[in-house]
Amino acid sequence: MSLKVTVVAPSNIAFIKYWGIKDHERIVPYNPSLSMTLSRCATRTTATRLEAADADQVLVRQPGGEMEAAAGPFRAGVVNHLDRLRVWAGVECGFRIATENSFPTGTGIASSASGFAALALAVIGALGREVTREDASRLARLSGSGSAARSVLGGYVEWPAGGDQPDAARQVLPPEHWDLRDVIAVIDTSAKEVSSREGHRRAVSSPYFAARQELLADRLRSVRQALRDRDFAALSRIVEEEAIDLHLIAMSSRPPIFYWQAGTLTVLARVREWRDAGLEVCATMDAGANVHLICTAAAEPGVVAAVEDIPVVRSVIRDAVGDGPRSVDDHLF
Ligand code: PMV
């Protein structure tokens with residue numbers, strides 16, 4: 001019987017955003033990025049190897065709860081990653097894969113980060129291989145999702161730009177250093193119209209792309225320092241600047257990409273009010289309309305109560321910094 005391995009890998013939320021790919025084949029980013037690994041928003045993936053001649057079988061949990069054979073771009077993305085993992089491992093076998101998310105997919109909660117990190121780790125396990133976290137990070141990145149490179153580690157994680165060579169992510173600080181929370185204001189659960197892959201491709205066409213690149217070395221140093229000092233005021237300033245700049249570049253790309261919705265702006269306006277009233281909270285968005293409210297543990301109950309009161313917010317997910325992926329025994333097949 002082939003080995004069956006199940007991995008739960010968390011999503012992450014970037015404070016310094018990865019936006020723009022220099023080398024699409026090897027997934028080399030233009031700029032370094034730094035994120036907080038989450039704990040509750042996660043992908044669970046089970047993998048086992050099939051006989052050499054068998055085609056890959058890919059199952060995915062549907063929003064209604066049933067497991068179904070994956071199709072279209074989702075299946076293509078998984079098989080593409082499996083192809084790259086096969087080349088790395090020097091094997092030709094097919095795989096049986098089943099996967100589910102604990103949160104809505106494709107809505108700016110980095111399902112590709114958790115999904116491809118879980119896939120890489122489950123397949124590595126199903127092949128009976130052991131790898132360092134650095135190699136796991138490189139293998140997760142081969143999926144095409146750069147943010148997956150950060151989801152193989154817990155706590156606060158940096159993925160260097162790596163010059164012309166792809167690099168592995170590394171932990172900057174462990175999760176216990178600072179118990180930050182991520183209260184996610186879900187405004188829209190439908191999948192985004194333009195993928196982040198396409199967003200990375202268009203980013204360089206924005207007249208503001210180069211201007212942001214010049215700011216990033218300083219911003220990265222300041223975020224590292226704010227995290228080390230647990231200085232929320234300093235952190236929140238840069239986190240919001242970065243979120244706005246990412247969307248500024250998306251909106252000024254040719255052709256433009258709008259991830260924000262009216263509800264996004266409503267939440268952003270309220271966050272400024274709460275902060276002025278003394279709550280330690282700031283906002284950031286990945287490639288989607290939903291708003292991540294980063295806050296301290298002390299501020300979290302107030303943030304949750306306030307955000308639940310906004311009519312445009314459909315649901316609230318409470319998450320926190322977490323310690324990274326883990327293997328579990330409750331398999332999906
Ligand atoms: O990893 P990708 O290709 O899904 O791109 C992620 C891009 C952002 O989520 C917007 C930013 C980031 O660094 O996570």
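As the structure is a prediction and not an experimental result, all values here were calculated from the model. Every heavy atom of this structure was used, including side-chain atoms; hydrogens, water molecules and symmetry mates were not. One-based numbering, in listed order, for ligands and for the atoms of each.
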Carefully, step by step, assess Phe209 and Tyr30 under the rule ring pair (Phe, Tyr, Trp, His ring centres under 6.0 Å).
-> CA-CA 10 Å; Phe209 182 79; Tyr30 271 102; 5.2 Å; yes
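With sequence neighbours excluded, the residues that form a side chain to side chain contact (heavy atoms under 4.5 Å, CB included) with Asp330 are Arg44, Val328. Applying the side chain to side chain contact (heavy atoms under 4.5 Å, CB included) test to Leu246 and every residue at least two apart in sequence or in another chain returns Lys17, Trp19.
Taking a 4.0 Å cut-off on heavy atoms, Lys17 registers as neighbouring ligand 1. Taking a 4.0 Å cut-off on heavy atoms, Gly146 registers as neighbouring ligand 1.
At a 4.0 Å heavy-atom cut-off, ligand 1 touches Leu246 through the side chain alone. Both the backbone and the side chain of Ser145 come within contact range of ligand 1, each with a heavy atom under 4.0 Å. Residue Ser196 touches ligand 1 through its side chain alone, judged by heavy-atom distances below 4.0 Å. Looking at Arg150 against ligand 1, only its side chain comes within 4.0 Å, counting heavy atoms.
At least one N or O atom of His200 sits closer than 3.5 Å to an N or O atom of ligand 1.
The CG atom of Asp286 sits 7.5 Å away from the OG atom of Ser147 when rounded to the nearest 0.5 Å. If you take CZ on Arg86 and CG on Leu127, they are separated by 10.0 Å, rounding to the nearest 0.5 Å.
With atom 1 (O) of ligand 1 as the reference point, the heavy atom nearest to it among Gly115, Ser147, Ala149 is part of Ser147. When the options Phe116, Tyr18, Trp159, Phe15 are ranked by their closest heavy atom to atom 8 (C) of ligand 1, first place goes to Tyr18.
Remark: ligand 1 atoms within the under-4.0 Å shell around heavy atoms of Ala14 are 12 (C), 13 (O), 14 (O). Ligand 1 places these atoms under 4.0 Å from at least one heavy atom of Ala287: 10 (C). Heavy-atom proximity to Ser112, at under 4.0 Å, picks out these atoms of ligand 1: 4 (O).
The one candidate from Leu332, Leu59, Asp56 that meets the side chain to side chain contact (heavy atoms under 4.5 Å, CB included) condition with Arg96 is Leu59.
When all heavy atoms of Ser253 and Ala203 are compared, the pair lying nearest together is OG-CA, 3.8 Å.
Remark: Glu25 engages Arg84 in a salt bridge, criterion side-chain N to carboxylate O under 4.0 Å.
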